[in-house]
Peer 1: 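The structure's right below; bear with me while I get my questions together.
Just so you know, these numbers come straight off a predicted model, no measurement behind them. Chain A is the first sequence line, chain B the second, and so forth, proteins listed ahead of strands; every chain is numbered from 1.
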Amino acid sequence: MSGISKKIFFTEQIISYSYLVDRDLPWKKDNNPYFIWISEIILQQTRVQQGIPYFKRFVERFPSLNILAEASEDEVIKLWQGLGYYSRARNLHATAKEIKANYSSQFPEDFSELIKLKGIGNYTAAAISSFAFNKPYAVVDGNVYRVLSRYFALEENYHSSKGKSFYQNLAQTLIDHNNPGRYNQAIMDFGALVCKPQSPLCHECSIKIHCKAYARKAIANYPLTKTKTKKKQRFFNYFVIEDDHNQLILRRRNKEDIWKSLFDFPGLESSIDSILTHQEIKRFVLEEFNIKQFSSMVSSKEYKQTLSHQIIQSKFFHLKIQQHFEQQTPYVLTNTKKLINFAFPKTIDCYLRDNYINLYM
DNA sequence: AATACGGGGCC
DNA sequence: GGCCCAGTATT
């Protein structure tokens, strides 16, 4: 079979599969680009099952682009809490404002305009183009890399930029121009349900007759894996300082670091797993907050969190103070009853659940 | 061209 | 404990 006819067969089979693997997902209800866009941002590097409840909450609170554009960034981040990659939420909000201000609240239809928007890259621009406007731009996500690499037994590594453009070009030659939206949806559903990462369902796959990796009995060798990077270890010491009016000091994370625009507590980071001395704690708290003394201190267990590039171990020191705090930048004061209104990283969320369970749930 | 950016599910 | 998920922005 020639390369060309093999490609045609592939495209036809993917379209045939579109009826078998069609998943009933809440963002497939209509072709409104606003809902398509929200779903695609949520699903970036995120499993469908994890994204569904976030999508539902998000569109319930922000049913239209204008409503999203008029919301506060803090509220948008709060709805994103726990989903990770928080720049997605900031860019989502910024883009809503951008479209409201400069596109008369109408989603642009051209790929070249879409890709200019914050948070919209190659994949998302193709997804919106094809799903909302039925334009022939091939989506290339993790599913597509996997399916193509197996079917054609590709030796290119899609984690490199050369590999990415190779796959992008190949995918574009395979798209069904008569029904680009359906084709794009189908290849991803096929990848998610049949040509899965682990233990794919080759026995019930009807395109395996031309699948090169299957013929070689080498499905497990495709796609080529990423060379793994070392994770940086970090050690956080957090001070949960509570005054005599049940107020806590929070810190807004605004540096170029993880968890930007979320909240945590004032703290000291060390590069090694050292035990903070009583003196060091006292010096930090006294100098940073002009506190005379604390009446009690309770140390927490250690919380460990693994990110894609970092391993973070956090300890918390709960300090009670017999005085009344005043607001002092860059910190934020909150009553313990209002903790629920702030967006916290997972580690902080876990600590609060363990220690402020009655107030924070 | 490589790296940073979260969190979770599955083996 | 490692892999990878409906990727994008930055360095």
Peer 1: Please determine if a side-chain N or O atom of A:Lys196 lies less than 4.0 Å away from the OP1 or OP2 oxygen of B:dC10.
Peer 2: no

Peer 1: Atom NZ of A:Lys116 to atom C1' of C:dA9: distance rounded to whole Å?
Peer 2: 18 Å

Peer 1: Does NZ or CZ of A:Lys78 come closer than 6.0 Å to the centre of the six-membered ring of A:Phe263, within 45° of the ring's axis?
Peer 2: no

Peer 1: Is there side-chain contact between A:Tyr303 and A:Ile348, with heavy atoms separated by less than 4.5 Å?
Peer 2: no

Peer 1: I want to confirm an ordering. Mapping A:Phe131 and A:Asn91 to their closest nucleotides on DNA chain C, which one lands closer to the 5' end?
Peer 2: A:Phe131

Peer 1: Touch check for A:Gly51, heavy atoms < 4.0 angstrom, all strands: base, sugar-phosphate only, or nothing?
Peer 2: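 If one applies the 4.0 Å heavy-atom cut-off, A:Gly51 turns out to touch nothing in the nucleic acid.
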
Peer 1: Pick base, sugar-phosphate or nothing for A:Ser39, based on heavy-atom distances below 4.0 Å to the nucleic acid.
Peer 2: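 Nothing: the residue A:Ser39, judged by heavy atoms under 4.0 Å, touches no strand.
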
Peer 1: Looking across every strand, which nucleic acid part, if any, lies under 4.0 Å from A:Asp349 by heavy atom: base, sugar-phosphate, or nothing?
Peer 2: nothing

Peer 1: Classify the nucleic acid contact of A:Gln310 as base, sugar-phosphate or nothing, counting any heavy atom under 4.0 Å across all strands shown.
Peer 2: sugar-phosphate

Peer 1: Taking for each residue the nucleotide of DNA chain B with the nearest heavy atom, is it A:Lys164 or A:Leu83 whose nucleotide lies nearer the 5' end?
Peer 2: A:Lys164

Peer 1: Classify the nucleic acid contact of A:Trp80 as base, sugar-phosphate or nothing, counting any heavy atom under 4.0 Å across all strands shown.
Peer 2: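 The residue A:Trp80 makes no contact with any strand.
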
Peer 1: Does B:dC5 have its OP1 or OP2 closer than 4.0 Å to a side-chain nitrogen or oxygen of A:Gln45?
Peer 2: no

Peer 1: Does NZ or CZ of A:Arg57 come closer than 6.0 Å to the centre of the six-membered ring of A:Tyr54, within 45° of the ring's axis?
Peer 2: yes

Peer 1: Would you mind classifying the nucleic acid contact of A:Asn184 as base, sugar-phosphate or nothing, using non-hydrogen atoms under 4.0 angstrom?
Peer 2: nothing

Peer 1: Measuring only between side-chain heavy atoms, which start at C-beta, is A:Ile281 closer than 4.5 Å to A:Met297?
Peer 2: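 Contact flag for A:Ile281/A:Met297 side chains = yes.
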
Peer 1: Kindly say if A:Tyr86 contacts the phosphate of B:dG7, meaning a side-chain N or O under 4.0 Å from OP1 or OP2.
Peer 2: yes

Peer 1: With rounding to whole Å, what would you report as the distance between B:dT3 and C:dA6 at their P atoms?
Peer 2: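 It works out to 24 Å between them.
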
Peer 1: To the nearest Å, how far apart are A:Phe344 CZ and B:dG7 P?
Peer 2: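 Value for this atom pair: 13 Å.
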
Peer 1: Go through the N and O atoms of the side chain of A:Arg47 and the base of C:dC4, and report whether any donor-acceptor pair is under 3.5 Å.
Peer 2: yes

Peer 1: For A:Lys304 and A:Gly119, find the nucleotide of DNA chain C closest to each by heavy atoms; which residue's nucleotide sits nearer the 5' end?
Peer 2: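 The residue whose closest nucleotide sits nearer the 5' end is A:Lys304.
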
Peer 1: Looking only at side-chain atoms of A:Ser161, point me to the closest of C:dA6, B:dG8, B:dA1.
Peer 2: B:dA1

Peer 1: With respect to the phosphate group of B:dC5, does any side-chain polar atom (N or O) of A:His309 fall under 4.0 Å of OP1 or OP2?
Peer 2: no

Peer 1: Which is true for A:Ser308 with a 4.0 Å heavy-atom rule: it touches a base, it touches only sugar-phosphate, or it touches nothing?
Peer 2: base

Peer 1: Could you check whether any side-chain N or O of A:Arg252 sits under 3.5 Å from a backbone N or O of A:Leu262, counting only pairs where one atom can act as donor and the other as acceptor?
Peer 2: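 The answer is no, because no donor-acceptor pair under 3.5 Å joins these two groups.
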
Peer 1: OP1 or OP2 of B:dG7 sitting under 4.0 Å from any side-chain N/O of A:Thr46?
Peer 2: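 No, A:Thr46 has no side-chain N/O under 4.0 Å of OP1/OP2 on B:dG7.
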
Peer 1: Using atom OH of A:Tyr158 as one end and atom P of C:dA6 as the other, report the distance to the nearest whole Å.
Peer 2: 11 Å

Peer 1: How long is the line joining CG of A:Leu262 and P of B:dG6, in whole Å?
Peer 2: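 Distance, rounded to whole Å: 8 Å.
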
Peer 1: For A:Lys118, answer base if it contacts any base atom (sugar-phosphate contacts may also be present), sugar-phosphate if it contacts only those atoms, and nothing otherwise; contact means non-hydrogen atoms under 4.0 Å.
Peer 2: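 Sugar-phosphate: the residue A:Lys118, judged by heavy atoms under 4.0 Å, touches backbone atoms but no base.
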
Peer 1: Does this structure show an ion pair linking A:Glu269 with A:Lys255, if we count only N-O contacts that are shorter than 4.0 Å?
Peer 2: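 Looking at A:Glu269 and A:Lys255, the cut-off is not met.
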
Peer 1: Should the side chain of A:Tyr123 and the base of C:dG7 be counted as holding a donor-acceptor pair, with the cut-off at 3.5 Å?
Peer 2: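 By the distance-only test, no, there is no pair.
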
Peer 1: Tell me if the side-chain of A:Glu256 makes a donor-acceptor pair with the base of B:dA4, cut-off 3.5 Å, by modelled atom types.
Peer 2: no

Peer 1: Under 4.0 angstrom, heavy atoms only, what part of the nucleic acid is A:Ile115 near: base, sugar-phosphate, or nothing?
Peer 2: nothing

Peer 1: Name the nucleic acid region contacted by A:Ile41, choosing base, sugar-phosphate or nothing; use a 4.0 angstrom heavy-atom cut-off, strictly under.
Peer 2: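 Result for A:Ile41 = nothing.
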
Peer 1: Do A:Phe265 and A:Phe236 come within less than 4.5 Å of each other through their side chains, counting heavy atoms only?
Peer 2: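 Side-chain contact under 4.5 Å: no.
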
Peer 1: Is any side-chain N or O of A:Gln44 closer than 4.0 Å to OP1 or OP2 of C:dG7?
Peer 2: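 Looking at the OP1 and OP2 atoms of C:dG7, neither is under 4.0 Å from any side-chain N or O of A:Gln44.
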
Peer 1: Taking only the side-chain nitrogens and oxygens of A:Arg23, find out if one of them lies under 4.0 Å from OP1 or OP2 of C:dA6.
Peer 2: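 So the side chain of A:Arg23 is outside the cut-off, no N or O lying under 4.0 Å from OP1 or OP2 of C:dA6.
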
Peer 1: If you check every side-chain atom of A:Thr229, which of B:dT3, C:dC3, B:dC5 has the closest atom?
Peer 2: B:dT3

Peer 1: Is there a donor-acceptor pair closer than 3.5 Å between any side-chain N or O of A:Lys232 and the backbone N or O of A:His309?
Peer 2: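 No: the side chain of A:Lys232 does not pair with the backbone of A:His309.
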
Peer 1: Quick one: A:Leu43 CG to B:dG9 P, roughly how many Å, whole number?
Peer 2: 15 Å

Peer 1: Between atom CG in A:Leu92 and atom P in C:dA9, what is the gap in whole Å?
Peer 2: 12 Å

Peer 1: Expressed in angstrom and rounded to an integer, what is the separation of A:Lys230 atom NZ from B:dA4 atom C1'?
Peer 2: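 Computing the A:Lys230:NZ to B:dA4:C1' distance gives 17 Å.
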
Peer 1: In whole angstrom, give me the gap between the P atoms of C:dT11 and B:dG6.
Peer 2: 15 Å

Peer 1: Would you please confirm or rule out a distance under 4.0 Å between OP1 or OP2 of C:dC4 and any side-chain N or O of A:Lys226?
Peer 2: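 A:Lys226 to C:dC4 OP1/OP2: no side-chain N or O under 4.0 Å.
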
Peer 1: Choose from C:dA6, C:dC4, C:dG7 the nucleotide whose nearest atom is closest to any side-chain atom of A:Trp27.
Peer 2: C:dA6

Peer 1: Expressed as a whole number of angstroms, how long is the span from A:Gln185:CD to C:dA6:P?
Peer 2: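 These atoms are roughly 12 Å apart.
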
Peer 1: For DNA chain B, whose closest nucleotide is more 5', that of A:Tyr85 or that of A:Lys162?
Peer 2: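 Upstream on the strand: A:Lys162.
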
